[in-house]
Colleague: 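Quick one: this structure, given as structure tokens, is what I'll be asking you about.
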Amino acid sequence: MAHSGPAPRRTGTWVLITVLVLISILGTLIVPIYARSSPYLGAFPFFYWYQLLWVPFVAVLMAICYLVSTRGSRGTGSGQVPPARDGSGEAR
């Protein structure tokens, strides 16, 4: 029986996704980067507006990760729907 799972992803794709996710995590976890009050942006100290800038930036990074991860799976299938399976694992 042939394996009909998803097509394997290239290692380079997953390295790119990992780097983008790490950037989004480390940018807010390394507190010494932004643990200061100046410069101010209006009435907001640096600490607050630095954190707020990460919200749309991380959204963009995650959108890129999603697009990169789904790019390889689009259009590669045979167009067939796999058979439905019941609780025992057998095809109905």
Side-chain angles (χ1 to χ4, degrees):
M1 178 176 215
H3 184 270
S4 63
R9 303 272 194 259
R10 293 189 312 233
T11 304
T13 300
W14 286 110
V15 169
L16 174 64
I17 291 171
T18 302
V19 168
L20 293 176
V21 170
L22 283 176
I23 289 171
S24 66
I25 292 171
L26 294 177
T28 55
L29 280 182
I30 303 175
V31 177
I33 293 173
Y34 59 91
R36 57 180 190 252
S37 60
S38 64
Y40 284 86
L41 184 64
F44 291 100
F46 180 74
F47 176 83
Y48 292 112
W49 61 265
Y50 178 84
Q51 291 288 315
L52 288 173
L53 284 176
W54 274 95
V55 174
F57 185 65
V58 169
V60 168
L61 288 178
M62 294 303 110
I64 292 169
C65 289
Y66 173 76
L67 292 173
V68 166
S69 70
T70 58
R71 178 189 62 190
S73 63
R74 279 188 271 151
T76 59
S78 62
Q80 297 176 350
V81 177
R85 302 199 179 270
D86 60 9
S88 67
E90 295 180 349
R92 289 191 263 169

Colleague: For the hydrophobic clusters of this structure (ILVMFWY residues joined by side-chain heavy atoms under 4.5 Å, transitively), does one cluster hold both V31 and L53?
Modeller: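 Yes, V31 connects to L53 through the hydrophobic network.
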Colleague: Would a single hydrophobic cluster contain both L26 and V58, if residues Ile, Leu, Val, Met, Phe, Trp and Tyr are joined by side-chain heavy-atom contacts under 4.5 Å?
Modeller: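 In one cluster: yes.
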Colleague: Applying side-chain contact (heavy atoms from CB on, under 4.5 Å), name anything that partners L52, two or more places apart in sequence or on another chain.
Modeller: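 Not a single residue meets the side-chain contact (heavy atoms from CB on, under 4.5 Å) criterion with L52.
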Colleague: With sequence neighbours left out, what residues match L29 under side-chain contact (heavy atoms from CB on, under 4.5 Å)?
Modeller: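 Once residues adjacent in sequence are excluded, the partners of L29 under the side-chain contact (heavy atoms from CB on, under 4.5 Å) criterion are I25.
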Colleague: Suppose we screen for side-chain contact (heavy atoms from CB on, under 4.5 Å). Which residues come up paired with I64, at least two apart in sequence or across chains?
Modeller: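 So I64 forms a side-chain contact (heavy atoms from CB on, under 4.5 Å) with L20, V60, V68.
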Colleague: With the side chain counted from C-beta on, respond yes when L67 and R71 share a heavy-atom pair under 4.5 Å apart, and no when they do not.
Modeller: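 They are not in side-chain contact.
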Colleague: Among residues at least two apart in sequence or on other chains, which ones pass side chain to side chain donor-acceptor pair (under 3.5 Å) with W54?
Modeller: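 Expected list: Y50.
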Colleague: So which pairs with a foot in residues 30-44 pass side chain to side chain donor-acceptor pair (under 3.5 Å), sequence neighbours left out?
Modeller: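 Passing the test, one end in residues 30-44: Y34-Q51.
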Colleague: Would W49 end up clustered with I30 when hydrophobic side chains under 4.5 Å apart are linked, directly or stepwise?
Modeller: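 In one cluster with W49: I30, yes.
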